[in-house]
Amino acid sequence: MSHAEEIQRGDRFEFGANWARFLTVLDDERIAQARASLKAMLGVETLEGKSFLDVGSGSGLFSLAARSLGARVRSFDYDPNSVACTRELRRRYFKDDPDWTVEEGSVLDPAFLSTQGTHDIVYSWGVLHHTGQMNQALDNVAPLVAPGGQLFIAIYNDQGGTSRRWTAVKKLYCSGLPGRVVVRLVFYPYFAAGRLLADILKRRNPFTSYAAYKSARGMSVVHDWEDWLGGYPFEVAKPEEIFERFRRHGFTLEKMKTCAGGLGCNEFIFSRNPKH
């Protein structure tokens, strides 16, 4: 089944369309914050001399961040609109750059993956749990990491019954226009009220809080809400499940950042055993 057919059947969220809207608010500050978050998590100041594979590049923001840090970048995504977004950022900031390649392809396609080679850093933030076959996708990225290289992934935390309820919300959103309207009418005010309450309790200026949202990863709060509400297919995993899967593949956990058992993604950086 093609990407377009999955969208038509309500089996997939239009991630790329959401990222295209995000590009309208992308600015130098957001790019700088994305670059800073990548440096902080990887514990580096530069990626000069490194190869960086962005699996599911989405808006292209983190491919851009890696390239601006000096890495040779390959980006791919299953969603044609996400590919277009990534190509647009390449056109804007690194036009005709031979060290940044952008392609359309799936992490579930072994033939395509065989053309990607191995890389010093393989990056896939919040992507593999949206493939519909998360465990296969996790297994498929392992061979893309060069011996001694790093894998940086983020996977939704398993909250048990809460995760199952969110799956139902996402399916409703993707079912068509009425479903989208209902979900937005219910959850946009819910999310906004939650942020307002948190700001009041922490004595923060709500307007400053929204403006500062980009400081986390350079992202946009409203586009992240949209991505969360519509993000289907949707799978989750406990941190120990991710750790054990990559241990079996010959990886060592270098760093982990969890969402403390709550809603959101757990982030992992693994290194591949040079002998594996």
Using a distance-only test with no angle check, is there a side-chain donor-acceptor pair under 3.5 angstrom linking E235 and Q133? no
Side-chain heavy atoms of L151 within contact of V141, under 4.5 Å: yes
Taking the six-membered ring of W100 as reference, does the cationic atom of K95 (NZ for Lys, CZ for Arg) lie under 6.0 Å from its centre and within 45° of its axis? no
Distance-only polar pair, side chains of Q136 and N140, donor-acceptor under 3.5 Å: yes
A side-chain contact here means heavy atoms from C-beta on lying under 4.5 Å apart; do Y173 and V169 qualify? no
Do H249 and D139 have side chains that get closer than 4.5 Å, going by heavy atoms? yes
Report yes if the side chains of L69 and K39 come closer than 4.5 Å at any heavy-atom pair, otherwise no. yes
Note: D99-R67 ion pair, threshold 4.0 Å (strictly below): yes
Decide yes or no for K255 and F152: does some side-chain heavy atom of the first lie under 4.5 Å from some side-chain heavy atom of the second? no
Taking ring-ring contact (aromatic ring centres under 6.0 Å, His included) as the criterion, tell me which of W228, Y156, Y78 meets it with H130. Y156
Are the side chains of Q150 and V145 in touch, meaning some heavy atoms are under 4.5 Å apart? no
With no hydrogens and no angle check, just 3.5 Å: does a side-chain donor-acceptor pair link S75 and S57? no
